[in-house]
*Asks:* 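I have a structure here, written as C-alpha cells, and I will follow up with some questions on it.
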Amino acid sequence: MAWAWRALQGTAGRVRVEEPAARTGWSRRHLERRFRCQTGLTPKGAAQVMRLQAALRLKEAGASWADAAAQAGYHDQPHFDRTFKAMTGRTPSAFRADRTAASPHDAQDFVPGQVTSPILTRRT
C-alpha cells in the first residue's frame, strides 16, 4: 500500500490505477479495496485530488487555468472544468474569485503554506 501511495504522489496523480496494481501483483479491484480501507479513497479518487492540488499550485504560481490544467494532466479545459466543479462545487474562476475575496484568516479555506482548502490539503 505504501508503494502504491508513493506512486500516486510521485506522479501527482498522473498514473493509471492499473500500473500500481500490476506492480504489486494485485488485481485492480483488490488494490482499490485495500486502498479505500486505508485511505478512505480509491486510488483514482486520490489521484484526482492530487491532480487538482497540482493544478491549484500551478495557478497560484502564476499559470493560466489552461496551462495549469494541461501541466496537471487534464486532457482539455472542459475535462478540467468538470472535475474541478465536481470536487469543489465551483468553477475554477468562481473558486479563485472566492479565494481572492476571502480573508487569509478564514479557516474554511486557508491552510498556512497551502493553496487548497482543508479538504484538499496534501497529507504525507
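Residues: numbered from 1 along the sequence shown.
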*Asks:* Let me see the working for Glu32 and Arg28 under salt bridge (charged side-chain N to carboxylate O under 4.0 Å, His left out), right down to the final yes or no.
*Replies:* CA-CA 6 Å; Glu32 286 174 350; Arg28 177 186 172 133; 2.9 Å; yes

*Asks:* Output the distance between atom CD (Glu60) and atom CZ (Arg96), rounded to the nearest 0.5 Å.
*Replies:* 5.0 Å

*Asks:* Between Ala46 and Trp5, what is the shortest heavy-atom contact and its length?
*Replies:* CB-CZ3, 4.0 Å

*Asks:* To the nearest 0.5 Å, what is the distance between CG (Leu58) and CG (Asp67)?
*Replies:* 9.0 Å

*Asks:* Looking at CZ of Arg34 and CD of Gln38, how far apart are the two atoms once the value is rounded to the nearest 0.5 Å?
*Replies:* 6.0 Å

*Asks:* For Ala21 and Leu31, which heavy atoms make the closest approach, and how far apart are they?
*Replies:* N-CD2, 3.6 Å

*Asks:* Could you go step by step and tell me if Gln77 and Asp81 meet the side chain to side chain donor-acceptor pair (under 3.5 Å) rule?
*Replies:* CA-CA 6 Å; Gln77 191 70 36; Asp81 290 344; 3.1 Å; yes

*Asks:* If every non-hydrogen atom of Leu8 is compared with every non-hydrogen atom of Pro43, which pair is closest and at what distance?
*Replies:* CD1-O, 3.7 Å

*Asks:* Can you list the residues that meet the ring-ring contact (aromatic ring centres under 6.0 Å, His included) rule with Trp65, with sequence neighbours excluded?
*Replies:* Phe80, Phe84

*Asks:* Where do Gln71 and Arg14 come nearest, in terms of heavy atoms and distance?
*Replies:* O-NH1, 2.9 Å

*Asks:* State, to 0.1 Å, how close Lys59 and Ala68 come at their nearest heavy-atom pair, and which atoms those are.
*Replies:* N-CB, 4.0 Å

*Asks:* Any heavy-atom pair between the side chains of Arg90 and Lys85 that's under 4.5 Å?
*Replies:* no

*Asks:* Quick check for you: to the nearest 0.5 Å, what is the distance between Thr42 atom OG1 and Arg29 atom CZ?
*Replies:* 10.0 Å

*Asks:* Any ion pair linking Glu19 and Arg23 (charged N to carboxylate O, less than 4.0 Å)?
*Replies:* no

*Asks:* Would you compute the distance between atom OG1 of Thr11 and atom CE of Met50 and round it to the nearest 0.5 angstrom?
*Replies:* 8.0 Å

*Asks:* Does a side-chain heavy-atom distance below 4.5 Å link Phe35 with Val17?
*Replies:* no

*Asks:* Please report the closest heavy-atom contact between Ala47 and Gly13, naming both atoms and the distance.
*Replies:* CB-O, 3.5 Å

*Asks:* What is the distance from atom CG of Leu52 to atom CZ of Arg57, rounded to the nearest 0.5 Å?
*Replies:* 9.5 Å

*Asks:* Determine whether a donor-acceptor pair (N or O, by modelled atom type, separation under 3.5 Å) exists between the side chain of His79 and the backbone of His75.
*Replies:* yes

